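Numbers restart at 1 for each chain; the letters A, B, ... are given by sequence-line order, proteins then strands. Worth saying up front: this structure is predicted, and the values here are computed from it rather than measured.
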There are 2 protein chains.
Amino acid sequence: MAYTYEYARPALTVDCVVFGFDEGDLKLLLIQRGLEPFKGKWALPGGFVRVDESLEEAALRELQEEAGLSKVYLEQLYTFGEVNRDPRERVVTVAYYALVKLGDHLPHGASDAQNAAWFAVNELPRLAFDHEEIIEAALQRLKSKVRYEPIGFELLPKKFTLTQLQHLYEVVLEAPLDKRNFRKKILSMDLLMETDEIEQDVAHRAARLYRFDEAKYRQFKKKGFNFEI
Amino acid sequence: MAYTYEYARPALTVDCVVFGFDEGDLKLLLIQRGLEPFKGKWALPGGFVRVDESLEEAALRELQEEAGLSKVYLEQLYTFGEVNRDPRERVVTVAYYALVKLGDHLPHGASDAQNAAWFAVNELPRLAFDHEEIIEAALQRLKSKVRYEPIGFELLPKKFTLTQLQHLYEVVLEAPLDKRNFRKKILSMDLLMETDEIEQDVAHRAARLYRFDEAKYRQFKKKGFNFEI
DNA sequence: CCAAAAGTGTTTCACTTACACCCATGA
DNA sequence: TCATGGGTGTAAGTGAAACACTTTTGG
């Protein structure tokens with residue numbers, strides 16, 4: 001390399017906190033490490049940033065390589081740079097979080113990678129590095145962001161029932177919501193399109209399916225409208 | 001170094017967006033570059049992260065070295081990692097923003113560093129690198145954060161008038177506020193301590209000075225109270 | 001016909017908003 | 001005595017919260 005280092009450089013990685021929602025549980029995708037350090041421990045998908053790719057490109061590449069995921073909602077979370085967070089050498093990591101439609105993509109929470117698995121967020125194993133701290137930050141971010149941006153829909157199938165949506169909010173916000181008030185509020189925003197379909201294979205009255213109207217939301221946002229639950 | 005690089009590494013810097021508030025203006029501290037690239041252009045204070053210091057330590061060190069600042073409010077903003085944001089080589093920068101009490105510290109907006117100066121945010125010169133983008137992000141963050149965390153006080157002297165506080169909010173939020181409603185709301189939170197002092201050297205009725213009660217705020221926060229303007 | 005979840009309105013209360021005049025002080 | 005900003009209260013409107021029963025469907 002045609003550059004003289006005045007100082008040693010920290011290494012740079014990206015790590016991804018991947019959220020999914022399934023059967024009423026908020027889930028998280030983890031990878032079992034095949035190499036030292038922390039060999040055999042579960043960790044966030046991630047890896048070194050290459051010199052010719054942006055941070056977001058690195059995160060998307062790692063999601064594809066390690067978890068077979070593409071077309072996910074992705075947002076930068078925070079950069080973790082404590083000096084001893086990696087036992088080998090100095091490593092700074094830019095953390096991202098991703099929201100995936102579990103129901104759509106993955107038949108039963110399985111992934112392409114053999115050493116990847118979904119865990120309910122309140123049944124996580126012990127993790128490598130400072131990944132518990134990173135996850136904690138991601139949960140906080142999700143909890144606050146879900147209230148003023150319509151990102152909850154990224155975790156549901158394209159078509160969903162109002163009860164599914166409410167359950168999602170209840171799990172993320174860790175608080176019960178009133179059914180009538182919730183429906184009143186979300187429907188009054190005029191961002192959900194009622195489809196002519198209903199749930200299938202349920203042992204009770206089938207609920208109507210709705211879709212989130214992405215285009216309408218973008219229009220509303222331009223005019224100063226603010227989503228809020 | 002006892003480590004074998006598999007790939008070339010991006011370099012890592014920190015940059016600081018330093019806000020001050022003076023004479024009704026929101027201001028920003030910039031440094032005039034003495035070296036190429038962008039020699040002579042104004043830029044954010046910042047520099048390379050050393051291998052033995054955390055990101056926050058690096059930011060604090062740069063603030064001290066380049067601007068003579070210490071004891072400021074500092075928070076990580078975002079990490080900028082586009083491939084060509086630095087013309088020399090690949091540089092990823094972790095941006096921080098800082099809030100300083102201009103009135104307290106610096107006699108008239110001057111700084112220790114000879115090549116540092118304060119600019120009103122709407123009268124900024126052309127900047128080096130992607131620093132305009134970083135500042136834009138910092139302004140957005142400040143605007144949203146000031147509404148639900150009591151960080152506005154970090155920009156005012158320890159003792160301030162309610163009108164000063166209101167002006168600060170109006171400038172940051174870019175919107176006028178109703179005087180009576182503002183006072184009612186801020187005083188009803190019970191977070192301001194009335195001092196027995198008043199403004200000095202004004203050509204009209206002198207306003208009462210208040211102090212922000214940090215300790216009380218921490219107590220309230222523990223009990224689930226949320227600051228909100 | 002029973003179990004299970006879907007779906008639906010109204011009242012109360014709290015908070016936000018809009019708004020104008022007198023007061024104190026120094027020049 | 002005038003100019004300048006300091007300081008104060010009320011009424012109307014809007015949105016949030018609390019709350020229970022009927023309907024539909026499959027087993």
task: Step through it carefully: locate the ring centre of A:Phe153, locate the ring centre of A:Phe160, and say whether they are under 6.0 Å apart.
output: yes
message: If the cut-off is 4.0 Å, is A:Thr163 near the phosphate of C:dA6, judged by side-chain N/O to OP1 or OP2?
response: yes
- request: With the side chain counted from C-beta on, respond yes when B:Pro125 and B:Leu30 share a heavy-atom pair under 4.5 Å apart, and no when they do not.
  value: yes
Ring centre gap for B:Phe80 and B:Tyr78 strictly below 6.0 Å: yes
field: Side-chain touch B:Leu139/B:Leu26, heavy atoms, less than 4.5 angstrom
entry: yes
field: Within residues 181-195 of chain B: residues closer than 4.0 Å to DNA chain C (heavy atoms)
entry: B:Asn181, B:Lys184, B:Lys185
- request: For B:Lys179 and D:dG9, give me the distance from atom NZ to atom P, rounded to whole Å.
  value: 13 Å
- prompt: From the list C:dG7, D:dG9, D:dG6, which nucleotide is the closest neighbour of the side chain of A:Arg208?
  reply: C:dG7
- prompt: Which sits closer to the 5' end of DNA chain D, A:Val202 or A:Arg180, going by the nucleotide each is nearest to?
  reply: A:Arg180
- request: Let me see the working for B:Lys185 and B:Glu228 under salt bridge (charged side-chain N to carboxylate O under 4.0 Å, His left out), right down to the final yes or no.
  value: CA-CA 9 Å; B:Lys185 189 157 186 178; B:Glu228 193 177 336; 5.5 Å; no
query: If you pin B:His204 and A:Arg205 to their nearest nucleotides in DNA chain C, which one's is more 5'?
result: A:Arg205
query: Is there a side-chain contact between A:Phe21 and A:Val172, using heavy atoms and a 4.5 Å cut-off?
result: no
field: Atom-pair distance (CD1 on A:Ile198; P on D:dT23), nearest Å
entry: 19 Å
task: Tell me which of A:Asp178 and A:Ala207 sits closer to the 5' end of DNA chain C, going by the nucleotide each one is nearest to.
output: A:Ala207
- prompt: How many Å lie between CD on B:Glu199 and C1' on D:dT4, as a whole number?
  reply: 11 Å
message: Expressed as a whole number of angstroms, how long is the span from B:Glu228:CD to C:dA14:P?
response: 18 Å
